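It should be emphasised that the depicted structure is a prediction, and the values quoted were computed from it without experimental measurement.
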Amino acid sequence: MAVLEAHHVVAGYGDSVVLDGVSVSVEETELVAVIGPNGAGKSTLLKSIVGLVPPRSGSVTYHGTELTRLTTERIVRMGLSYVPQVENVFPSLTVRENLELMLPAQTPRPERQRHLEDTLRLFPVLTSRLPMSASVLSGGERQMLALARGLMNRPGLLLLDEPTAAVAPIVVDEILRKVEEIRGSGVPVLLVEQNARRALAMSDRGYILESGRNALSGPARELLDDPEVGRLYLGLRTPGSDRAPRSS
Amino acid sequence: MQAAADGVVVGAMVGLAALGLTLVWAVERFPNIAQGDTLTLAAYLTFGLSVGAQLPIVPAAVLAVGGTTLAVQAAYQTAFRPLRTSPRVTLLVASIGVALVIRAIVSLVWGTRLQSYDLPVRRAISLGLFHVSLVDIVILVTVLGLVGAVYWILYRSRAGIEMRAVADVPDLARVTGIDTRRVLRFTWLLSGFVTAVAGVLLGAKIGLTPLLGWNLLLAAFAATVLGSVGHPLGAIAGGFVLGLAMELSTVFISPTFKEAIAFVILAAVLLFRPRGLLAGR
Amino acid sequence: MAPYLASLLLFGGIYAMLALGLNLQWGHTGLVNLGFVAFFALGAYSAALLTLNGVPLLVAAVIAVVIAGLVAYPLGRLTLRLQDDYLAIVTFGFAEVVRILLLNTRWVGGADGLTGIPQLFGPLAADVRPFIQLGAVLMVVALVLVLARRLTESPYGRVLRAIRDSAEAARSLGKETEGYKVVALVLGSALAGLAGAIYAHYIGYVSPDQFDPSLTFLIFTGIVIGGSSHWGAAVGTLVFIAAMEATRFLGDVGLPISQSDFAQLRLLVIGLLLIVLMQRKREGLWPYRHRERVRVTRDAAA
Ligand SMILES: Nc1ncnc2c1ncn2[C@@H]1O[C@H](COP(=O)(O)OP(=O)(O)OP(=O)(O)O)[C@@H](O)[C@H]1O
Ligand SMILES: [Mg+2]
């Protein structure tokens, strides 16, 4: 059974429909990329999976359990971790508070400590920052904290919304390496990324969204090699020509 | 000198009122106009239970605090909770409604003329340059104890850390698995309790009229903004600044312009330091 | 009887102007001006002081309007670049300060206020005067209505409602929203100033207790009942105020309730209504409808 199965999801804000029947799925141990132009509805898709933007129709199941009726709090407590694109840490809380809040209140102290140590092993930069306010972190450290928060409760699925947005280029590599490490540890990941080429290169499968609909999907390798995809979404000039990175 | 001592006591009360205000303001994101009338309610309940029902003052005060805290929770459940997805200004307008309802009820039950608690002899204790009364000492001790407790809750307890999280980024709090409804309930409980205590003390210091708390509201707003919304220590510090400025102005300018002083401070803070003195960012 | 009716209608006109002013701020822009009554008072006092010192009424009224609007400007500039809440508490504080200043300043009469303010159309004979006054005031109200409609139908008005309704739209306008809001605040307050000038020269005296803060809440409730359309706001306010005033006579009918208790009961009703109305749709009974939208839906139906 798939870990996550979103089927014909329709969702939006107020009167506007942003997702018009989108379907995605994630299997055990998979890294799945979602790419698409700005405003395609990628963030909205993740928000509707966790119930922040409740789907108007369609279904979302997690290990077979229907999520569309549940509150966000319930959904994340089932083991889905969601790292938003913006505002993904609490700036006025300390780094330690940011991390520990991810665990349920009744978690016993030794267990809390173990979770914290496991997480810090993957993100050693945060160790010395624990007592500091998250507002003083650098952009890269802040994204690391956001990722670390997502892993703190040992999720069964990680939803990442553009974890490399607004960080320095060298930090981008570091963050994407962490994402691969996370997948390597067995956690399935649904990754929304603006670096479409890099995202596809490290993923098992990919989905391309366009104006709230599935445009294309398939094994990441095939999407990468598809000349049409290259031209429309990866910023290649002509099929087969030298690969010019998008200049945005 | 005496004005400064009075200022400290008034400041302590403004600070407590601001403390109740700042909690709700940070989490619910609107200034609760009913804050002033909540103070009034607590004072009148104490009055009613002690003078009316002839209870000794301490149990009367305790019951009044409990009753007011419950009333605030009831106001939250009926007037504010249904608006959780509405623009914040609608909560602000609803809080005007709550303020008027409380004031009308207080006036209908206890009348509008000046009243006061029946406290045992108030002997002033002379401390050299100025003198203080027992009430003043009770007020100061309570204020310090209460702000300490609130500080501990906000920064050391899980419930308080969750409150700060909801105040900081509400959507992230939800995807963190925090039960926002419980946090809001708790916020209103805590704020209601602090405000109730402030109201009981206010009634001990100043005579009761239905406008008792309303008259303190502007100073409490100014103290809250001065001390940065959401900061418990800032609220108290802001309260002391306001109290001192207002009491000293009675000596150096004129007693009638106390509120104008509060307004000037509020305007100055908004002009130069809109996030208050304690804002970290 | 006829002069009495004329005077009722005239007060209605003044309240209608106040309603239109506050509606521009709350109904169309979502601004909470808790000190609205202070602008009414400023208009009344400044016009009265001017005419008492020999300035012609028309000039005095214009100056009063300008003063009320000008005073609103810094308050808006100070607060509207920040969150909306700050406007509410600053206008609340401002109204308190105005009230205290009026009470304690000797040259505006302190608690006694100002008396002997020249009447509108004072030279006319007393038996025709009320009707001429009424006619003039109703004309002013009609003019204000037309101008308000013009304003809210303009692209500017559409922006105001967009700011009110959608944080998204407000964000996309960025810093500009502040300017739009300030203009709504200034225009609404200037209208309150105009109402004040007319009021002072109709009843002939002004004193601080005529400008009780509860008047702001009374009008607020009226426009929230009526809805954001100009007619809705005006009619809602008039009907609501009439209903509240009617309770004054209940005591005469023999109900065993004192006048002061009636005042408290009125406050209770206003409070409860504000709480309940905020939970209903914010549009009130007669929401504002943009003309164009009506046309578009008709086209769509065809
Ligand atoms: N809170 C909101 N209210 C109203 N409309 C919104 C909101 N958030 C997003 N939208 C609209 O929904 C559409 C899709 O937005 P979304 O954020 O899902 O796109 P995206 O694919 O994540 O884009 P990006 O690459 O810029 O992050 C856009 O047109 C956007 O304007
Ligand atoms: Mg996005």
Side-chain angles (χ1 to χ4, degrees), chain A residues 13-14 43 46-54 70-94 96-107 109 112 131-137 142 145-146 149-150 152-153 155 158-161, chain B residues 22-23 25-29 81 84-87 90 150-187 190 224 227-235 274-281:
Chain A
Y13 308 89
S43 296
L46 296 193
K47 286 183 198 164
S48 65
I49 291 172
V50 295
L52 279 180
V53 179
L70 302 180
T71 63
T72 298
E73 292 83 352
R74 284 284 304 282
I75 294 172
V76 300
R77 285 280 175 244
M78 289 172 69
L80 277 85
S81 261
Y82 161 60
V83 180
Q85 179 174 356
V86 290
E87 302 199 306
N88 48 20
V89 303
F90 296 110
S92 62
L93 269 54
T94 65
R96 178 191 286 276
E97 286 167 341
N98 261 287
L99 291 170
E100 290 191 342
L101 270 184
M102 292 302 293
L103 303 175
Q106 63 277 12
T107 315
R109 187 182 291 254
R112 207 181 312 162
M132 294 182 187
S133 157
S135 62
V136 305
L137 298 182
R142 196 185 263 239
L145 174 58
R149 279 174 48 83
M152 194 59 191
N153 56 345
L158 188 59
L159 307 170
L160 295 179
D161 196 350
Chain B
T22 210
L23 292 170
W25 198 341
V27 177
E28 290 272 29
R29 296 175 180 228
R81 206 167 75 81
R84 63 193 172 283
T85 57
S86 313
T90 56
V150 169
Y151 188 86
W152 186 89
I153 290 174
L154 283 182
Y155 291 88
R156 294 285 174 272
S157 79
R158 172 79 182 201
I161 297 174
E162 289 188 352
M163 260 175 81
R164 283 162 55 222
V166 172
D168 213 13
V169 193
D171 269 358
L172 186 61
R174 292 182 60 198
V175 300
T176 299
I178 293 170
D179 184 347
T180 306
R181 271 175 63 176
R182 216 188 53 212
V183 170
L184 293 179
R185 218 158 42 221
F186 179 71
T187 303
L190 190 61
T224 307
S228 299
V229 175
H231 285 259
L233 300 182
R275 311 199 43 155
L277 296 180
L278 281 190
R281 287 172 293 142

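Contacts with chain B were tallied for A/Leu101, A/Val50, A/Asn88, A/Val83; A/Leu101 has the most, counting heavy-atom pairs under 4.5 Å.
Interatomic distance, B/Leu172 CG to A/Asn98 CG, rounded to the nearest 0.5 Å: 7.5 Å. Note: B/Asp171 CG to A/Leu52 CG = 5.0 Å, rounded to the nearest 0.5 Å. A distance of 4.5 Å separates CG of A/Leu93 from CZ of B/Arg164, quoted to the nearest 0.5 Å.
A/Arg149 and B/Thr176 share a donor-acceptor pair across their side chains, judged by distance under 3.5 Å alone.
Heavy-atom distances place the side chain of B/Arg158, and not its backbone, under 4.5 Å from chain A. Using a 4.5 Å cut-off between heavy atoms, A/Leu103 touches chain B through its backbone atoms (N, CA, C, O) alone. In this structure, no portion of B/Ala159 lies under 4.5 Å from any heavy atom of chain A.
Other residues, nucleotides and ligands place more than 12 heavy atoms under 6.0 Å from the CZ atom of A/Arg77.
Nearest heavy atoms, B/Val169 versus A/Val89: CG2-O, 3.9 Å. Between A/Glu73 and B/Thr180 the shortest heavy-atom distance is OE2-OG1, 3.8 Å.
A search for side-chain hydrogen bond (donor to acceptor under 3.5 Å, both in side chains) contacts involving B/Arg182 returns B/Glu162, not counting sequence neighbours. Under the side-chain contact (heavy atoms from CB on, under 4.5 Å) criterion, B/Tyr151 pairs with B/Tyr155, B/Pro232, B/Leu233, sequence neighbours left out.
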